[in-house]
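All ligand and atom numbering here is 1-based and tracks the order in the structure. Numbering of residues begins at 1 and proceeds along the displayed sequence. Nothing here was measured: the structure is a model prediction, and the numbers come from that model.
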Amino acid sequence: MTSRIVVLISGSGSNLQALIDATSTPLLPSARIVHVISNRKAAYGLTRAANASPPIPTSYHGFPPYKTSHPSDPRGAYDADLAKLILNLPEDQYPDLIVCAGWMHILSPKFLDPIDGAGIPIINLHPALPGAFDGAGAIERAWEAFQRGEIAETGVMIHYVIKEVDRGEPIVVKKVEIKAGESVQELTERIHDIEHVAIVEGAKLALEKKQGDAS
Ligand SMILES: Nc1nc2c(c(=O)[nH]1)N[C@@H](CN(C=O)c1ccc(C(=O)N[C@@H](CCC(=O)O)C(=O)O)cc1)CN2
Ligand SMILES: NCC(=O)N[C@@H]1O[C@H](COP(=O)([O-])[O-])[C@@H](O)[C@H]1O
């Protein structure tokens, strides 16, 4: 049976591209990226999806309109609609797994609860080690901590998504040594390369776990 993956993005989509490329190899066998959702209209990841062969359906789900349409709880309304978007996908795009691949929006229980209720696991790529540098800008904060002599290494993890940001159970953890004298750009490039491996490994493991739990 082919497993279906929905990917959430906000930017360039290099991690999405790694997933797309892996689905045609033994790295991620019997899996398809069936839909890509971005919260940023200009995200190049949407172009990557459109350029895939065959093209991957995409949706843009932007947050700004919710600030005026739902002033009392824009995040809750946005998240509830995002869950409906996914849960109402046609059967051939209905996910077995949701992957946050550079998805830069904190997901509230208005999203997490209906998705959990549908039995769909969510995983996230985070460019740090478990318990370190939660949130956005993790690579830069790790590099700065290294300059202050506070750490010698950072890392990349793939973890399950729970309400507490970046505190879900890790699936893949890869340590990354920070090199004396390297720039934050050089560290970022090294980390991105490792992310592209980790996200494929994490998706494979999450799908295997789901299939194992179901059997
Ligand atoms: N409930 C959860 N939501 C998300 C998780 C998670 O573990 N639990 N992981 C993040 C991904 N992420 C780090 O890995 C992350 C992304 C963005 C932010 C953040 O502060 N976002 C701001 C908006 C920033 C922007 O638009 O540039 C926000 O949502 O207000 C923190 C962590 C994905 N979501
Ligand atoms: N907290 C999550 C986070 O900071 N993710 C970061 O977003 C980038 C997305 O790149 P991409 O759009 O090229 O995949 C990733 O490289 C990762 O470091």
#### Entry: Main-chain N/O of P90 paired with Q93 side-chain donor or acceptor, under 3.5 Å
no
#### Entry: Heavy atom of N39, distance to ligand 1 below 4.0 Å
no
### Task
Give a yes or no on whether a salt bridge exists between E201 and K174, defined as a side-chain N under 4.0 angstrom from a carboxylate O.
yes
### Message
I'd like to know if the side chain of K210 reaches the main chain of D96, judged simply by a donor and an acceptor atom lying under 3.5 Å from each other, with no hydrogens or angles considered.
### Response
yes
### Task
Work out whether the distance between some heavy atom of G168 and some atom of ligand 1 is less than 4.0 Å.
no
### Task
Only counting residues at least two apart or in another chain, list the ones meeting salt bridge (charged side-chain N to carboxylate O under 4.0 Å, His left out) with E177.
none
### Query
Looking only at atom types and distance, does a side-chain atom of D116 sit under 3.5 Å from a main-chain N or O of L112, one as donor and one as acceptor?
no
### Task
Run the numbers for me: atoms of ligand 1, each under 4.0 Å from some heavy atom of R40, listed by number.
25 (C), 26 (O), 27 (O)
### Task
Show which atoms of ligand 1 fall inside a sub-4.0 Å distance from at least one heavy-atom site of H126.
13 (C), 14 (O)
### Query
Is the backbone N or O of E182 less than 3.5 Å from a side-chain atom of W143, with the two atoms forming a donor-acceptor pair by type?
yes
## Note on the structure
So the atoms of ligand 1 within less than 4.0 Å of a heavy atom of K163 turn out to be 1 (N)
### Message
Suppose I only count heavy atoms of A136 and a 4.0 Å limit; which atoms of ligand 1 are within that range?
### Response
31 (C), 32 (C)
### Query
Checking H61 side chain against Y78 main chain: does a donor-acceptor pair fall under 3.5 Å?
yes
### Query
For atom 5 (C) of ligand 1, which candidate among I123, D134, V165, L8 holds the nearest heavy atom?
V165
### Task
May I ask you to say whether D79 pairs ionically with R75, meaning some side-chain N is under 4.0 Å from a carboxylate O?
no
### Atoms in ligand 1 flagged as close to V161, the criterion being non-hydrogen separation under 4.0 Å
2 (C), 6 (C), 8 (N)
### Query
Taking non-hydrogen atoms only, is I106 closer than 4.0 angstrom to ligand 1 via side chain, backbone, both or neither?
both
#### Entry: Close N or O approach (N124, ligand 1; < 3.5 Å)
yes
### Query
What atoms of ligand 1 come within less than 4.0 Å of a heavy atom belonging to W103?
11 (C), 16 (C), 33 (C)
### Query
What's the shortest distance from atom 34 (N) of ligand 1 to any protein heavy atom, and which residue and atom give it?
H105 O, 2.8 Å
### Summary
Closest to atom 24 (C) of ligand 1 among protein heavy atoms sits M104 O, 3.7 Å
### Query
Do R190 and E186 sit within salt-bridge range, that is, some charged N less than 4.0 Å from a carboxylate O?
no
#### Entry: Side chain, backbone, both or neither: H159 near ligand 1, heavy atoms under 4.0 Å
side chain
### Query
Do you reckon I139 sits in the same ILVMFWY cluster as M104, going by side-chain contacts under 4.5 Å, direct or chained?
no
### Per atom 4 (C) of ligand 1, closest listed option by heavy atom (L112, L125, L107, D79)
L107
### Query
Using heavy atoms and a threshold below 4.0 Å, how should the contact between M157 and ligand 1 be classified: side chain, backbone, both, or neither?
neither
### For atom 8 (N) of ligand 1, closest protein heavy-atom neighbour
I162 O, 2.8 Å
### Message
Could you see if V172 belongs to whatever hydrophobic cluster contains L8? Use Ile, Leu, Val, Met, Phe, Trp, Tyr and a side-chain cutoff under 4.5 Å.
### Response
no
### Test side-chain contact (heavy atoms from CB on, under 4.5 Å) applied to I115 and L87, step by step
CA-CA 8 Å; I115 296 299; L87 296 176; 4.0 Å; yes
### Query
Any N/O of R75 closer than 3.5 Å to an N/O of ligand 1?
yes
### Query
Looking only at atom types and distance, does a side-chain atom of R32 sit under 3.5 Å from a main-chain N or O of R4, one as donor and one as acceptor?
no
### Message
Hydrophobic clustering (ILVMFWY, side-chain heavy atoms < 4.5 Å, transitive) - are V173 and I191 grouped together?
### Response
no
Any protein N or O within less than 3.5 Å of an N or O in ligand 2? List each pair with its distance, or say none.
from	atom 1	to	atom 2	distance (Å)
ligand 2	1 (N)	H126	ND1	3.4
ligand 2	12 (O)	S12	N	3.3
ligand 2	12 (O)	G13	N	2.8
ligand 2	13 (O)	G13	N	3.4
ligand 2	13 (O)	S14	N	2.8
ligand 2	13 (O)	S14	OG	2.6
ligand 2	14 (O)	S14	N	3.4
ligand 2	14 (O)	N15	N	3.0
ligand 2	14 (O)	N15	ND2	2.8
ligand 2	16 (O)	H192	NE2	3.0
ligand 2	16 (O)	E195	OE1	2.6
ligand 2	16 (O)	E195	OE2	3.2
ligand 2	18 (O)	E195	OE2	2.7

